[in-house]
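These notes are about the structure you will find just below.
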Protein chains: 2
Amino acid sequence: MKEVTLKQIAENLGISITTVSKALKNYSDVSKKTKALVKEEAKKLHYKPNVFAVNLRTKESKTVGLIVPEIVHHFFSSVINGIVEEAERKGYLVIILQSNESYKLERKQVDLLISKRVDGIMISLANDTVDTSHLLEAMEHDIPLVMFDKISKLVKCSKIIINDRQAAYNATKHLIDSGCKNIAHFRGALLPQNSIDRFLGYKKALEDHGLKYDSSLVYMCERVDYEDGRRAAEQLIKDAKKVDGIFAITDMAAVGAMTVFKEHGIKVPEDISVMGFSNWFLSQAITPALSTINQPGYEMGRGTFKLLRKEMKAKKAGIPFEPQTKVLETFVVKRESTK
Amino acid sequence: MKEVTLKQIAENLGISITTVSKALKNYSDVSKKTKALVKEEAKKLHYKPNVFAVNLRTKESKTVGLIVPEIVHHFFSSVINGIVEEAERKGYLVIILQSNESYKLERKQVDLLISKRVDGIMISLANDTVDTSHLLEAMEHDIPLVMFDKISKLVKCSKIIINDRQAAYNATKHLIDSGCKNIAHFRGALLPQNSIDRFLGYKKALEDHGLKYDSSLVYMCERVDYEDGRRAAEQLIKDAKKVDGIFAITDMAAVGAMTVFKEHGIKVPEDISVMGFSNWFLSQAITPALSTINQPGYEMGRGTFKLLRKEMKAKKAGIPFEPQTKVLETFVVKRESTK
DNA sequence: TTGATATCCGAAAACGTTTTCGATAATTTT
DNA sequence: AAAATTATCGAAAACGTTTTCGGATATCAA
């Protein structure tokens, strides 16, 4: 039971490999009759082109790489679904890699993708990525690159993001509009752009509405997860801060905080309002349901691949490509954790 | 700026392609001196072998495929981490695909992996997979296959699982030992083997301890998620069943049930004990913390790839391989949701 | 010196496809 | 009928690597 190749088909039909190849690809210089013959024989033998040979010959793998900090996160898994769906429709396979929020690993993953000769790379940066030489390396290899969500402004490539600053502004404004006077912020790590932007949006909203910014009301949630939210909330309680609203950088952190409040008999939203960010699928399931900012992961995923595709096509056609940045809309989702 | 190839190096050094290739792979029939020269030149030019050519020549891709029902689930993401880590250490890239619990998509993904000529496939079955012809097809293509967690007994390949029946038995017994007399079960879909096994373990535990099995206490959670848990719990309350313990097939379902109880003023574990399954990372975070069964996802992942590797090596060496089944240990994690 | 034995190197085939370009046969035009 | 055009096919090169096998040179024993 040997591998079935073009050669095999050609021999069976007594014609040349060339003709078989062209027949299967509907070249105009092969007759209807032989086309039919070839296709029939191919079907009969269950012919599948050897992708290794095709890759070598065409110099493309019909494969793209995707690097995310963590696969588990609901937001990223939405993005993944969007990317994969769009990619599949265009005949591309996507290789999903994790950086585990580590610059070192991220670098390694990029190198891996380069060595596997993917046709393009999509990436959302790790928290501690400041050096972007690995991305430049990819671009030097002439591999189209697009960044999404957690981007670096220093890299000249296509990007797709939300307006984190504006979204955070809106989230904070929602708290203010509902009557909060002393609003704390659970912020993310120092480096990531969106962590910075959300902080700035929070600050700006306070200032625009006559509330003065108090740096002692900003708590650090390094990993922006449930535990971080708990810790920050406990610290806030210990500090005995007079706070009637919290804008957390993440739904997970917000939920962590809310469970701590519950344990301490602090009522949400009566005693304190809580605002999350992302619209995690469980945030509408918990009690009280969490108010949050909707972050369109699926759409971002689709958009990411579409941008990449545009660039891949331009590259193949040999025409220059100008990187573009797309900004997606977010909106406030009012639920029970805010008044 | 041309691609750097063996030919390039050979020309620069005035030697043959053959020698360059052999030097880089430390063949014994090339002198120390030329080896050094070649390696130096290769490093200088940043030579990276063209993986397309290597694939074609060696007939292997150093790539394996992985199909899971859903990437987001914590359990599967643990498995993924285990697999990826082990694979990476052995120089393999893993292509992660989702079946979305759909047989049709699963089939398509398997075909995709075959057409991409992966060196091996790891799979956890979708809920509605009963026909296994796509897996046989993979095996006919001589692609090593191993199944994990959600397996089919009909396929003759290596498997790595937990003893779902025993684990469910232990979970139920834990409820019984803590004094529960009327224990309900939130079961999964009808087809999956582990859904069946967990149900059987539950039933057996009841019978072994003098509690009679009551089929009206078994509620269906088709998708075994949070919402299913809520629905089942609400139905249970509406049915006014006298129940003092629940064994849910999944932590998510258990958490869903617990929130419903909380909303109805039913105390856990005072009024009703709740037992989950999987040891989801949030199950220790919620209040009350959920008692559950620890399901070793990471270890399962590592074991899965190790089994696959064994078979891939055997295949390469041309020696026959006898499929093996490995059963991983689970244990009860007692927290606050049971007495 | 001769023959034997290591030691080192390279020619060439092979992997399976795609694509260029020229050749032949069939058809049309003049 | 000759010339021009069209339709159909195939030879061959190319992609970049790996590996077999034989050839050349150097080293050694006789």
Side-chain angles (χ1 to χ4, degrees), chain A residues 1-39 41-42 45-63 91 114-117 119 141-142 316 318, chain B residues 1-39 41-42 45-63 91 114-117 119 141-142 316 318:
Chain A
M1 84 155 223
K2 271 277 289 160
E3 195 78 46
V4 32
T5 68
L6 292 182
K7 190 176 172 186
Q8 183 63 248
I9 299 177
E11 280 171 2
N12 287 9
L13 264 40
I15 59 178
S16 79
I17 293 176
T18 305
T19 305
V20 175
S21 173
K22 288 198 282 198
L24 290 175
K25 311 192 84 201
N26 278 320
Y27 270 52
S28 62
D29 66 343
V30 26
S31 69
K32 300 279 165 219
K33 206 167 55 168
T34 44
K35 266 183 193 167
L37 247 56
V38 168
K39 284 175 179 172
E41 185 72 8
L45 301 187
H46 302 108
Y47 169 76
K48 288 278 159 53
N50 183 322
V51 76
F52 294 159
V54 176
N55 287 348
L56 177 60
R57 179 58 224 234
T58 63
K59 293 178 178 306
E60 56 178 27
S61 57
K62 286 288 179 182
T63 295
I114 294 176
S115 78
K116 286 288 181 180
R117 285 182 140 75
D119 297 338
H141 276 82
D142 221 30
K316 208 171 168 183
Chain B
M1 83 153 223
K2 272 276 287 156
E3 194 80 45
V4 33
T5 68
L6 291 182
K7 189 176 173 187
Q8 183 63 249
I9 299 177
E11 280 170 3
N12 288 8
L13 263 40
I15 59 179
S16 79
I17 294 177
T18 306
T19 306
V20 175
S21 174
K22 289 199 280 198
L24 290 174
K25 311 191 84 202
N26 277 321
Y27 272 52
S28 61
D29 66 343
V30 27
S31 68
K32 300 278 165 220
K33 205 166 56 168
T34 43
K35 265 182 192 167
L37 247 55
V38 168
K39 284 176 179 171
E41 186 72 9
L45 301 187
H46 301 109
Y47 169 76
K48 289 278 162 51
N50 183 321
V51 75
F52 294 160
V54 175
N55 288 347
L56 176 59
R57 179 58 224 234
T58 62
K59 294 178 178 305
E60 55 179 28
S61 58
K62 286 289 179 182
T63 295
I114 294 177
S115 78
K116 286 288 181 179
R117 285 183 140 75
D119 298 339
H141 276 81
D142 222 31
K316 208 172 169 182

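Every chain is numbered from 1 and lettered A, B, ... according to where its sequence line falls, protein lines coming before strand lines. Computed over heavy atoms, backbone and side chain alike; hydrogens, waters and symmetry mates excluded.
- For the residue pair S61(A) and N55(A), the shortest heavy atom distance occurs at CA-OD1, 3.5 Å.
- Note: NZ (K32(A)) to P (dT8(D)) measures 8 Å, nearest angstrom.
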Stepwise side chain to side chain contact (heavy atoms under 4.5 Å, CB included) test for K35(B) and N26(B): CA-CA 7 Å; K35(B) 265 182 192 167; N26(B) 277 321; 3.7 Å; yes
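- Closest non-hydrogen pair, P49(B) versus V54(B), comes out as CB-CG2, 4.3 Å.
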For nucleotides 10-16 of chain D, give me one character per nucleotide, 5' to 3': B if any protein heavy atom sits under 4.0 Å from the base, S if the only such contacts are to the sugar-phosphate, - if neither. BBBBBBB
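- If you take CZ of F52(B) and P of dT17(D), they are 12 Å apart, rounded to a whole angstrom.
- Residue contacts shown for Y27(A) are limited to sugar-phosphate atoms, with no base heavy atom under 4.0 Å away.
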If you restrict it to nitrogen or oxygen atoms, what contacts under 3.5 Å exist between nucleotides 23-25 of chain D and the protein, and what is each distance?
none

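- In this structure, N55(A) places its CG atom 14 Å from C1' of dT17(D), rounding to the nearest Å.
- A salt bridge links D29(A) to K22(A): one of the charged nitrogens lies within less than 4.0 Å of a carboxylate oxygen.
- Atom pair L24(A):CG and dT19(C):P shows a separation of 13 Å (rounding to whole Å applied).
- Surrounding NZ of K48(B) are at most 12 heavy atoms belonging to other residues, nucleotides or ligands under 6.0 Å away.
- Remark: P of dT8(D) and CG of N26(A) are 13 Å apart, rounded to the nearest angstrom.
- A pairwise comparison of heavy atoms in S21(B) and L6(B) identifies CB-CD1, 3.8 Å as the closest pair.
- For the residue pair L24(B) and Y47(B), the shortest heavy atom distance occurs at CD1-CE2, 3.7 Å.
- A salt bridge is absent between R117(A) and E60(A): the closest approach of a Lys/Arg side-chain nitrogen to an acidic carboxylate oxygen does not fall below 4.0 angstrom.
- Rounding to whole angstrom units, NZ of residue K33(A) and P of dA25(C) are separated by 16 Å.
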Side chains of residues 9-19 of chain B: which donor-acceptor partners sit under 3.5 Å, not counting sequence neighbours?
unit_1	atom_1	unit_2	atom_2	d
N12(B)	ND2	E41(B)	OE2	2.8
S16(B)	OG	T18(B)	N	3.4
S16(B)	OG	T19(B)	N	3.1
S16(B)	OG	T19(B)	OG1	3.1

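- The side chain of S31(B) places an N or O atom within less than 4.0 Å of a non-bridging phosphate oxygen (OP1 or OP2) of dC9(C).
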